[in-house]
Every structure is written in C-alpha cells, then in structure tokens.
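For reference, the structure I am asking about is given below.
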Protein chains: 2
Amino acid sequence: MEYGTLQERVRCKSLLSKVMKAEDTIPFFKDGMSLGWSGFTPAGYPKAVPIALADHVEKNNLQGKLRFNVFTGASVGAETEDRWATLDMIDRRWPYQTGKNIAAGINEGRIRMGDKHLSLFAQDLGYGFYTKDTPGGRLDLAIIEVSAITEEGGLVPTSSGGVIPEIVTMCDRIIVEVNVGQPSFEGMHDNLICNNPPNRQVLNITKADSRIGTTFVPCDPAKIVAVVESRHRDNGRAFSEQDETSEAIANHIIDFFSHEVKAGRLPKNLLPLQSGVGSIANAVIGGLAKGPFADLSVYTEVLQDTMLDLIDSGKLACASSCSLSLSKDEGFPRFFAAMDKYAGKILLRPLAISNAPEPIRRLGVIAMNTPVEIDIYAHANSTLVGGTRMINGIGGSGDFLRNGFLKIMHTPSSRPSKTDPTGITCVVPHCSHIDHTEHDLDCVVTEQGLADLRGLAPKERARRIIEKCAHPDYKPILAEYLEIATKECLARKVGHEPQLWDRAFKMQLNLAQNGTMKIKNWDMKIDLCE
Amino acid sequence: MEYGTLQERVRCKSLLSKVMKAEDTIPFFKDGMSLGWSGFTPAGYPKAVPIALADHVEKNNLQGKLRFNVFTGASVGAETEDRWATLDMIDRRWPYQTGKNIAAGINEGRIRMGDKHLSLFAQDLGYGFYTKDTPGGRLDLAIIEVSAITEEGGLVPTSSGGVIPEIVTMCDRIIVEVNVGQPSFEGMHDNLICNNPPNRQVLNITKADSRIGTTFVPCDPAKIVAVVESRHRDNGRAFSEQDETSEAIANHIIDFFSHEVKAGRLPKNLLPLQSGVGSIANAVIGGLAKGPFADLSVYTEVLQDTMLDLIDSGKLACASSCSLSLSKDEGFPRFFAAMDKYAGKILLRPLAISNAPEPIRRLGVIAMNTPVEIDIYAHANSTLVGGTRMINGIGGSGDFLRNGFLKIMHTPSSRPSKTDPTGITCVVPHCSHIDHTEHDLDCVVTEQGLADLRGLAPKERARRIIEKCAHPDYKPILAEYLEIATKECLARKVGHEPQLWDRAFKMQLNLAQNGTMKIKNWDMKIDLCE
C-alpha cells in the first residue's frame, strides 16, 4: 500500500539533503546522552532509529557501553525501549513505561526510573529540571516520528502528541523519522509550545474540541540533523475481551451517571469523559456505546479500540486525546480503513495540554482510573505492587483525578494469589503505597458495587467502602479492623482516621507468609528488640 | 473610632427594613441545618450572630440540641466555631479548621470533619456535592460578614474571599453581618461566581494582580433575610517570633533561589510566591524582605504579618490572596493605620480562584509549605499526627504543591517528644499518613539543609534527603534502614522503592513504647498469630 513518498511528506525541501538511512544515524549517539523521544502509550514513537541502534549494540556486543537517559511522553513500543532495556541501553527513564524487561531493570536496580504526573513531567522537561546537571542544561539528541514536515520545518506528529513541543524547545539536534508506512495524521493535531512562566499562555479550551494552536509543532530546520524514512507501524496492545467483572463495574458506573443526571448534577450528555487504560476502561466506553446517553464528549490522554465503537454508535460528538493507542492488528486497520469518519471526531494534543489541570477543571471532566489497591479511607495505590515493585507508573491518573468534576476509581474487589483465587483483596486497611489521597476521590467502584463518598468523613467513608465495594470474603475482616482501630484510637482521643500501626499491614505480611490476605484474626505479637 | 454607619454601608436601601439585632436572628436556626459561613484562616468570618447563638445555647442549656453542618472557607475565629464545638453545636465541619476544642471534638469522634483541598472544596460546594442529601440539595442558611452592600445587593467582603460566591449560589436565606467596627475593604476584592461545567469560565489571570471580576459578589437582595451590625474585629493569631531553625530554613531557601536565578531557571524577580501558615513561612517572607530580590509578587491564600514588612521594604510589587490573616493586636492595627499604602498592593480573591490550579500553573507559583513529617522518598504528611489525629487539615497545600513551578516543603528536622528534645524525627522511612506524594515535591528543606530532588529516582531521593535534611541523631538510623530495605527488596527483584512492611513503622511504635524514635537497631520479632 502506498501512502505518499518521503519527498512528498518533507515539504521543507532544504531538509531533503539530510535524508539518510536509520543505521547512518548511529554516529550521532554517544554513551551517557539524554534523549528526547516522541511517543505516548505506544503510539507515535520513533522506531526505525531505535531499532537500528539496538541492532548495532547487539551485533557489536556493546551491551552496557551505550547507555542513555530516555525522556518520552509515556510508554513506547516493546520493540524499541523494552529491547533497549534488554540490551542494557537505558540508565534513566522518565516517566510511565510498559514492558517486561524494562520493569525488570527498574525493580532490580539497573534502570533509574522517575515517575511523575504526566502534566508535570511535560512542564518540568520544558523548565530544564531534568537536564539541569548536563552541560548547557539541554537534551543532547531527539528522535521524533512525524507524518510530514511543513514548508517552514514544522513537525506534523503521527498518532500522539507526547512531549514533542518541549523536546523541540530543549534540544538542538533532532533526528526526524518520517512514517510513510501509514496515512498522514496531518490536520488531526492541535499543538502549542507553552512558554515558561511568567509568560505561560492561557489554554483557551472551553469545549473538548476547542482548537488553540497549530496542526504542526514549529521547529527551526537547522536543528534537524537527519531525516529517516520509516514504514513501521505502532505496536499497540491488543484489545482485552470484556469479562464479567469489568461489565459489572461499567454497569454500576452507568447507573450512577443516570442517577446524577436525574438529580440535576450532570447534564443529559454528561460531561467530558476521561477513561484510563485497560479492560475496565474499555468496558466502560463499550458500555456507553450501548447506553442511554448521547452527544457525549471525551477529554482524555489515550483512546483505545472501543472508542471506535463509541464513534460508530453515533453517540460521540468529539474526543480530545494525547494519543490514539489502537491495537496493531484490529484497531489501527479499522481506523485507517475509515479515517475520514474517525479523524473528524478526534483531536490530538501534546501532553502539556491534554493533561493540564486548567482544561480538565474548566470542562469538568469525569475521571475514571484503575488502581492496584485502595484503602478503606479512599487512598489509592496506582503504581507499586506490594508498595515496592513498579508496574507502569502513575501516568495521567493524578492529572485527571485531582482536577475532574467527578473522580472515580474502579477495580475488581479481589485478585488471585498463587494459591487462592481471591487471595488478594483490592480493598485494604492501609495502602502500602499512596499515589492518590483521600482528599481527591469521589467514588470507588468494584464489581460488588459503587461507594459514593462525597460529603463523607473518614470513618463513614470506611464503612461505605467496606459495605459497597469489598469482596464478601473480606468484608468481615475489614469491618473488624475498622471496629478495633476505631475503639482503640477513640479511647486515646486520636481517632479522626483510625489505624493500628502494629497491624495495618498484617494482611500484606500474611500474603507473603501464607499466600493469602484472608487472615483469621487481628492478633499480632511484636517485639521491638530494643 | 468611627468607620461609617450601617445606613451608609448598606447602599441597597430596601434592605434597611431587614436590619435586626444579632439575637433576633436566633429563630432562623434549626437543629440539623447546613450552614454556609464566610471566612478564611481566621479573617472575614461572621462573629456577632455565631456568638449570639452560642450565648443562646449556653443560657438555655441547649448543648447537643442545636447542631449544625458548617461549611466555610477554612478556619474561623476561636470565639465562634471553637466555642460552638465546646457547646456541641457542630455535627459536620468542612474543610480546614483550627482550635483546641474543635480538634478534640474531631479526634474524639463527636464532630465529623471532611478534609478537602480548598480549591476542590469550593467547587464541590458549588456543585452541590455536600448538600446532595438535603431537601432541595441546597444550603439551609448562610452567615456572611461584609464591609458593605452595593445598590443592587452585591456583597462586598471584608478581610477574606472564602467561599462567598458558592454560598450565595447554593443558599436562598442569607444573614449579612455588616462590620462597621473597621474600615471598609471595598475595592480590594476581585470576585467571580464560577459557573458549573460545562460553562465554567476561563480564569484569565496572567499576572498575580490581574483583575477578572467585580469588587463585590452579586446577590439577589430577596435572599437576604437579616442585616446585622457588627463591630467585632478578626481574632487573628499572634505573630510567631522567628527562631534559629526557621531562619536557617529561610536562608537555605533564599540561597537556592539565588542559585536558580544564576542558572537561568528563575527570573531575577523570581516567580509569584506562595507561603503557608506558621513561623517558617513567616521567616521566609521576613528573609525575603531583607534579601537580594526585588519586584517580587505573591500569589497565595493567606497573608501574614511579615507581608507588611515585605511591602515596607519596597520589594513587593503585588500580592494576591484569599485572606488577610493578620494578628489582631499588631498586624491589623498596623494595616489599618496605613491602609492606603498596603491595600494598593493587595488583591483579595475567593478560594475558587486564589487556589485554582489554572492560575497557579500558568503563573508558575513557587509553593512552600510545612508538613508534619516527610519520608525518605518525599511523601509528606500534612494533616494527621501519628497518622490518625487531625491537627488542622490539608488546606491549600495540595493546590499549590501540585501545581507550582517549584514545589518546596520545609520542616524542622526533629521535634521534641515528652522525654527527648529530639525524640521525634520529621524524616521517617514511611509516613503514617500521606497527603502529598513523591510525584509532586521538588525540594525538601530543614535547618540541616536543602535537598533538591528534581530528576532523581526514588533511591537517589532517599539518599539525598537523609544526607541533606535528617537530624544528625537520625542519619545513621535512616541510612541503615535504606540499606537493609534496598538489599532485601533488590534480592527479591521488587526494589524500585524499597520498604520493609514488618519494620516500616518501628520508629513510630518505639515512640509510643519508649518515648523516642531513636531506635537501637532495625530488628523486630513478629508473630502473625495465624
């Protein structure tokens, strides 16, 4: 299939002299460099050059001798950075990532990962906070995938906005990959290079699809050191089939929306929706495609496959996102086959705008995300299993949950341990890691039910969450903890939010020791050995 | 001293028929009502009516028979709500509060307190989230202190903006206290009633002193059920004398600012400053009055006494705040004595705008706040001593720390326990309560030093915080914990952010058992009793 030539896509003709093969860019890379990559939750990331460099390292046994600091929008495809991790090519990695080998590198102490709210990551990168210790305080080299280059050198992104504006600002040497292996995304983007304070602009977005910028990212052509043709497609994750748990959660949420519309607190077409990544998010969007609401809008960071169903249903007015994260074998072919229809409903923005608190609060986004675990007072752990092992990162969950109109977290009530199908409760007395605090969440949802926490004090929240959301196997255990903790703390006059620090993690310790969080009692003997 | 008569202050003449004495408003109050109060960190709150009602309860032995849900901007004077707490007149209390008796009520389980980020509190109140279970979904009654009422009924606030716009929107029966015991604040305010999404307005603030609204809060005069004259002054907290610890912290921060200006990451006049409440905040602002920077601006929620020093120094261009929280005996007399000079530099805004993420991010505010404790990975506890006992609340610390350009927390490195002058370390392995997460903070400062955490991964952050910020007595203890935890977690390949859940709270348990957090070793014997 032909989607136009490199010569057609590169409209700034002086740059044609910079065209080279991916392998010819290898001399640009030096050990220890800080790199900026385009891309976001694997869409729109560079492929040809990272793969060529990985091949070079592998072929010449350079493992551990060419290591980089990688700054990108969020996760990128496994064939690039996860392979780089395998080849020991990553020293520092900011922010959210996915991939078995990169996670192993992080949790075994070989890769230094920084986990930041994506909106903060974008601005901190632009403020020079991550490059403050490098000479000149700049990124050393960038690799950016584009659909086209405009007459003046403007970069037209592909399937994601990412942190391209900040990279272009902070880097003087840019390798551009022109992806001619797919149709051009020109026209779908709304880009703005945010100035640094005190001159940061007003983001004048008053509807999900308000345009405030340009379809390209302005770039001085003198910064472009290489132009490489690429025909690689995004390696998007496959669509998760909806399961009963996800569907039950989606139904609870849709019932809640109906209730809020009836009470006059939500308009009939709801408010712009943000929905995270994964099977529950997919089920919620899928449920809305079959649900009672029309004229919906979406203001989010990632669009998954079911968003195409929502468009097909005729119920979606418009969607704004940082990336189009469709699956490689189903979503993208479906999208490209009817690109005119879909593209007209979708606006892609850079991270600094898709995730900015400003439009999220103004529009009144309904934020929905999945945590690892939640505690009885509504603190949530989104990042570290067991409080120490990094999965992916906080991503944009905080950007949306802190600033939305309604802030909702949804999770199965339990997960299997190695020996017990419900050996892990996702509702615990105290989260072992906290990414979202009790001050933020409005609703917690599991397949068991929805706990509306608005206007509740801590002990009331705990009772509501245990009653509505905990798995039946854990309800009595959690209720007993709350009762003992309340009694002991009130007796000591320290009972605003009761906890027992000798026993708060007993369920987690029992999981490690006995393979399940189902404890028989709340007894515990402790010797401080002092 | 004469500051004009009630008749002069109430320019909407039809309202003069509603003038009554404070004690005559008592019949408006019914047990169980939800009340909206003006006021913020004790400034601009109603006094005459709450005091009259407290007198009524006390005189008629109505303790526990007239209980209310109180929604206000933040803490109000002890002579009002703290006295109400003593008389068992408060059922629910949202958000931040101060006062010995109200705290006792909360921690002993008599008062239900909801702790919310102040910016979220304002919007949630306006969205009807707190009144969703009351008939009609509205506040039952409001008490608002004003300087004046305009010809059309507009309410001109006194020394704070608070949540007056949301109260006026959500309440149909308003008691107005006209404070003629002090000069009028007319002209100092910039008010805007924020529409609910999807019609929320752009907050077009591009400098700390940009005006976007009106000097009064529009109000339908038909809603006003009573007009009461008041001569009570705000009962502001006294100025804390600066101590060596606070001065050392202020010096570290000023040195850091100089370094950032030199590196080109801060302009010469810095960026708008937010500084929390308390002696460290006072010392920082006091230090800036003597420091090398000029043409400063402030975008904050509370102005304390040292702000007058900063104005006197000629170094302050302008300040935007939600309240003017000066001390009763020094700050306010000084302010009123030269009101022309000071008022011209100060703009007062409602909470929904002073604390909104939108202007805080755009302006690039430098946020500085004091936690109860901080952990080695830079999570902070701002609210609950020992993880369960409420002090005041999160206030606006999250609004500013999540959205600032630089996010700084400052604390003494240790505090005294009952038996040990440094028995409590403010740097711990794991906070017992988390209000601010590792994803937010840039710098931690104690009198020992400043840890710049930008661009550091968790284990690097931990080493930096222990090295720069911990008290010397605790450095070896914390370093040993980090070493043991790192070794054990990396061995299990779960070491992104090492913790040991059997021992993470050993220091806190030792404090309870032995009166100090100085433990002799990290041993611990645990029997799960399963």
Side-chain angles (χ1 to χ4, degrees), chain A residues 106-109 112-117 128-130 197-198 200 202 204 265 271 357-358 361-364 384 386-390 394 402-403 405 434-435 437 439 454-455 457 489-490 493-499 501-502 505 508-510 513-514 519-520 523-530, chain B residues 106-109 112-117 128-130 197-198 200 202 204 265 271 357-358 361-364 384 386-390 394 402-403 405 434-435 437 439 454-455 457 489-490 493-499 501-502 505 508-510 513-514 519-520 523-530:
Chain A
I106 291 163
N107 290 306
E108 292 167 19
R112 296 182 284 171
M113 177 192 167
D115 194 17
K116 273 278 175 190
H117 303 287
F129 287 178
Y130 301 124
R200 212 162 176 87
V202 173
N204 196 26
R265 284 186 295 270
L271 284 166
E358 175 177 340
R361 288 238 181 174
R362 186 183 303 136
L363 298 174
L384 302 183
T388 72
R389 179 166 70 82
M390 171 57 69
I394 192 164
R402 292 169 167 199
N403 294 298
F405 177 88
I434 291 174
D435 297 291
T437 76
H439 312 295
R454 290 174 297 171
C489 287
L490 286 181
K493 305 185 177 184
V494 296
H496 174 63
E497 193 164 303
Q499 289 284 6
W501 299 121
D502 52 350
F505 294 126
Q508 285 93 335
L509 294 172
N510 198 67
Q513 194 169 303
N514 302 317
I519 56 172
K520 299 196 182 80
D523 297 343
M524 189 110 154
K525 281 190 197 131
I526 284 184
D527 176 358
L528 292 181
C529 307
E530 285 292 300
Chain B
I106 291 163
N107 290 307
E108 292 167 19
R112 295 181 285 171
M113 176 192 167
D115 194 18
K116 273 279 176 190
H117 303 287
F129 288 177
Y130 300 124
R200 211 161 175 89
V202 174
N204 196 24
R265 283 186 295 270
L271 285 165
E358 176 177 340
R361 287 236 183 179
R362 186 183 303 135
L363 298 175
L384 303 183
T388 71
R389 179 167 68 83
M390 171 58 68
I394 192 164
R402 292 169 167 198
N403 295 299
F405 178 87
I434 291 174
D435 298 291
T437 75
H439 312 294
R454 292 174 295 170
C489 288
L490 286 182
K493 303 184 177 183
V494 296
H496 174 64
E497 194 164 302
Q499 287 284 7
W501 299 121
D502 51 351
F505 294 125
Q508 285 92 335
L509 294 172
N510 198 67
Q513 193 169 306
N514 302 315
I519 55 173
K520 299 194 182 79
D523 296 343
M524 189 111 153
K525 279 189 199 134
I526 284 184
D527 177 357
L528 292 181
C529 306
E530 285 290 300

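Since this is a predicted model, take the numbers as computed values, not measurements. Proteins get letters first, then strands, A, B, ... in listed order; numbering begins at 1 in each.
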### Note, B/K525 side chain near A/I526 side chain (heavy atom, < 4.5 Å)
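No, their side chains stay 4.5 Å or more apart.
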#### Entry: Interface moiety of B/I434 toward chain A, non-hydrogen atoms closer than 4.5 Å
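For B/I434, the contact with chain A is made by backbone and side chain together.
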### Interatomic spacing from CG in B/D435 to NE2 in A/H439 - rounded to 0.5 Å
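Between B/D435 CG and A/H439 NE2, I get 3.5 Å after rounding to 0.5 Å.
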### Query
chain A heavy atoms under 4.5 Å from B/L509: which part of the residue, side chain, backbone, both or neither?
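The answer is both parts of B/L509.
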### Largest heavy-atom contact set with chain B, pairs under 4.5 Å, which of A/N107, A/I394, A/N510
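Heavy-atom pairs under 4.5 Å are most numerous for A/N107.
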### Query
Roughly how far, to the nearest 0.5 Å, is the CG atom of B/D502 from the CG atom of A/D502?
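Between atom CG of A/D502 and atom CG of B/D502 there are 13.0 Å.
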### Query
Sub-3.5 Å donor-acceptor pair from the side chain of A/E530 to the main-chain atoms of B/K520, do we have one?
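Judged by distance alone, yes, a pair lies under 3.5 Å.
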#### Entry: Over all atoms of both residues, closest heavy-atom pair of A/H496 and B/M113
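So the two residues come closest at CE1-O, 3.4 Å.
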### Task
Select one option (side chain, backbone, both, neither) describing which atoms of B/I106 are under 4.5 Å from chain A's heavy atoms.
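Both backbone and side chain.
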### Query
Would a 4.5 Å heavy-atom cut-off, applied to side chains only, mark B/M524 and A/D527 as touching?
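No, every pair of side-chain atoms sits at 4.5 Å or beyond.
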### Task
Tell me, for B/P198 versus chain A, whether the close heavy atoms (under 4.5 Å) come from the side chain, the backbone, both or neither.
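Both the backbone and the side chain of B/P198 come within 4.5 Å of chain A.
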### Query
If every non-hydrogen atom of B/T388 is compared with every non-hydrogen atom of A/C489, which pair is closest and at what distance?
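Between these two residues, the closest heavy atoms are CG2-SG, 4.2 Å.
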### Task
Among B/N204, B/N514, B/D523, single out the residue with the greatest number of heavy-atom pairs under 4.5 Å to chain A.
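The answer is B/D523.
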### Query
Pick from B/R362, B/E358, B/E497: which one has the most heavy-atom pairs with chain A under 4.5 Å?
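The option with the most such pairs is B/R362.
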### Task
Could you have a look at A/L490, A/L528, A/L384 and say which one has the most heavy-atom pairs with chain B under 4.5 angstrom?
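When all of A/L490, A/L528, A/L384 are compared, A/L528 has the most.
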### Message
Checking B/R389 now: which residues fulfil salt bridge (charged side-chain N to carboxylate O under 4.0 Å, His left out) with it, not counting sequence neighbours?
### Response
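Testing B/R389 for salt bridge (charged side-chain N to carboxylate O under 4.0 Å, His left out), a comparison that skips the adjacent residues, returns none.
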### Task
Search all heavy atoms of A/P357 against all heavy atoms of B/N403 and return the closest pair with its distance.
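Of all heavy-atom pairs spanning A/P357 and B/N403, the closest is CG-OD1, 3.5 Å.
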#### Entry: Plane angle bin for B/F405 and A/F129 - parallel if under 30°, tilted between 30 and 60°, otherwise perpendicular
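Rings of A/F129 and B/F405: perpendicular, as their planes differ by over 60°.
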### Query
Who pairs with A/R265 by salt bridge (charged side-chain N to carboxylate O under 4.0 Å, His left out), at least two apart in sequence or on another chain?
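Once residues adjacent in sequence are excluded, the partners of A/R265 under the salt bridge (charged side-chain N to carboxylate O under 4.0 Å, His left out) criterion are A/E260.
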#### Entry: Contacting moiety of B/Q508, where chain A heavy atoms sit under 4.5 Å
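It is neither, since no heavy atom gets under 4.5 Å.
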#### Entry: Check: A/R200 and B/R361 side chains under 4.5 Å, non-hydrogen atoms
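Not touching, per the 4.5 Å side-chain cut-off.
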### Message
Out of A/G364, A/P498, A/G495, return the one with the most heavy atom pairs under 4.5 angstrom to chain B.
### Response
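Of the options given, most contacts go to A/G495.
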### Message
So which residue, B/K116, B/H117, B/Q513, ends up with the most heavy-atom pairs under 4.5 Å with chain A?
### Response
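So the answer, after comparing B/K116, B/H117, B/Q513, is B/H117.
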### Query
How close do B/L363 and A/P197 get, heavy atom to heavy atom, and via which atoms?
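It is O-CB, 3.4 Å.
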